[in-house]
Amino acid sequence: MAAEAQRTVIEHCSIATVDAHDTEYADGHVVIAGNRIESLGAGPAPEGLANVERRIDATGHLVTPGLVNTHHHYYQWITRGLATDHNLFNWLVALYPTWARIDEPMVYAAAQGSLAMMARGGVTTAMDHHYVYPKDSGDLTGAIIRAARETGVRFTLARGSMDRSEKDGGLPPDFAVETLEGALAATEATVKEYHDDSFDAMTQVAVAPCSPFSVSTELLREGAELARRLGVRLHTHGSETVEEEKFCHELFGMGPTDYFESTGWLGEDVWMAHCVHMNDSDIAAFARTKTGVAHCPSSNARLAAGIARVPDMLAAGVPVGLGVDGTASNESGELHTELRNALLINRLGAHREAALNARQALRLGTHGGARVLGRGDQTGSLEPGKLADLVLWKLDTLAHASIADPVTALVFGAAAPVTASFVNGRQIVADNRLLHVDEDAIARSTRAEAQRLAQLAAR
């Protein structure tokens, strides 16, 4: 770290580092220098630090790595509260005609809303799987990335695509899809324009055809080849519902995992959303290839998809992170509530009370997610040399003060207030409010764009 780097010192806090040893400090300190964590440990910070521009007395707080969201669809922010009693396929059929009418102002407002809700709830690394690109809808990719930069989060855009429409046996309407060639060309152009592979990159891009029932085999296979030629990661939906499994058997003569493997879609550069309906051989294949999983407990419950076998995945060595999923199937859009929901929902499965504990849930939401996004060496845990992406959770209020263990308070308790959130050493949240965007203005614009979309869809 350069000698002239400005330092921020955080003291008198509990710390959960989520490092390889789950190191914790009941009363410790963190020193940020520039955009890196310089040091941390028990007790007060070292004496005589130069260039200290700020000291934070974090008494009553738990400091953790920032949360990492591994699956989302920002455009859905303006279609929340619709089709609330549908399973996945019926929900998609109900909403695709509306989604096919989105345009750049709508997507920008929806991205602002999605990012704001996550960031003020402790997310420091976010992603968006955007796969709806209606003709003449404007620069949707640019709108999403602009919103992420304004909010101040670290960001991965999973540039999605669909080319299997209703006429080809898929779910999206014919006018809502791209051509195979158009999707591949646009994805490559997005990677070349926006992807940054540096250690402290704020924007990265992944290749992300939408799902087995909305893209052709050719788009999956050629998308994987494109991603590996460009050196970026791959993302899609997989094994979300029993209907998807039936679809794959009827169309391809095999289950989703075998189908993905046949198209080059298993590997340590791949992560998939949901993975609810996985048998032992599927989990073994993911473990063998180090294919990652974005676990989305609230969305899986909302759409009655089922309970993913997260404890079995973790025991097998599968990388697992947490995802909000699109807010048309998770109306709150907050990742910190997914820590609790992941723990509770998994305890309804076969492993019951032994399924997950509080520290495993926190790991899913931090280092697990960073690993899934290919950024585990840079963020997701508090260690010297890693990027300064961290959150101060206030745990001395009525909601948490009588819970002795701070990690238990954070995961089992009510959603904790965020006193401060730092990304790349820069503070983006103070006292539960965003510092660099206007939450009230975003609320007004998202409401206006939701109303405009509803009017267009009703015509």
Could you tabulate the donor-acceptor pairs under 3.5 Å formed by side-chain atoms of residues 310-317, not counting sequence neighbours?
unit_1 : atom_1 : unit_2 : atom_2 : d
D312   : OD1    : H351   : NE2    : 2.7
D312   : OD2    : R309   : NE     : 2.9
D312   : OD2    : R309   : NH2    : 3.2

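Using a 3.5 Å distance cut-off with no hydrogens or angles, the side chains of E104 and Y108 do not pair a donor with an acceptor. Defined by atom type and a distance below 3.5 Å, a donor-acceptor pair is missing between the side-chain atoms of H72 and N330. Using a 3.5 Å distance cut-off with no hydrogens or angles, the side chains of E24 and S14 do not pair a donor with an acceptor. A donor and an acceptor atom, one from each side chain of H71 and H73, are located under 3.5 Å apart.
Within 6.0 Å of the CZ atom in R447, the count of heavy atoms belonging to other residues, nucleotides or ligands does not exceed 12. Within a 6.0 Å sphere centred on CD of E439, heavy atoms belonging to other residues, nucleotides or ligands number more than 12.
Two residues are said to be in side-chain contact when any heavy atoms from C-beta on lie closer than 4.5 Å; H130 and T141 fail this criterion. In this structure, the side chains of F155 and I144 come closer than 4.5 Å at one or more pairs of heavy atoms. A 4.5 Å side-chain heavy-atom check between T241 and H274 finds every atom pair outside the cut-off. With a 4.5 Å cut-off on side-chain heavy atoms, P105 and E449 count as touching. Between T156 and H235, the closest side-chain pair of non-hydrogen atoms is not below 4.5 Å.
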Next item on the list: Step by step, work out the side-chain contact (heavy atoms from CB on, under 4.5 Å) result for N357 and R363.
Entry: CA-CA 10 Å; N357 61 39; R363 180 171 289 277; over 6 Å; no
Next item on the list: Decide yes or no on salt bridge (Lys or Arg N to Asp or Glu O under 4.0 Å) for D200 and R36, but give the supporting numbers first.
Entry: CA-CA 9 Å; D200 56 359; R36 305 288 179 95; 5.1 Å; no
Next item on the list: Could you go through the salt bridge (Lys or Arg N to Asp or Glu O under 4.0 Å) check for D405 and R359 one step at a time?
Entry: CA-CA 11 Å; D405 176 61; R359 282 160 176 80; 2.8 Å; yes
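The closest donor-acceptor contact from the side chain of E188 to the backbone of L226 lies at 3.5 Å or more, if one exists at all. Judged by distance alone, with hydrogens and angles left aside, the side-chain atoms of E244 form no donor-acceptor pair with the main-chain N or O of G238 at under 3.5 Å. With R233 contributing its side chain and V372 its backbone, the two residues share a donor-acceptor pair below 3.5 Å.
Residue pairs meeting the ring pair (Phe, Tyr, Trp, His ring centres under 6.0 Å) criterion with at least one member in residues 179-224, sequence neighbours excluded, are F89-F213.
Only one option out of V429, D431, N432 pairs with P417 in a side-chain contact (heavy atoms from CB on, under 4.5 Å); it is N432. Across L390, I15, L410, T17, a single residue satisfies side-chain contact (heavy atoms from CB on, under 4.5 Å) together with T64, and that is L410.
Note: Y75 and Y133 fail the aromatic proximity criterion, with ring centroids not under 6.0 Å apart.
Y96 is linked by a ring-ring contact (aromatic ring centres under 6.0 Å, His included) to W99, counting only residues two or more places apart in sequence or in another chain.
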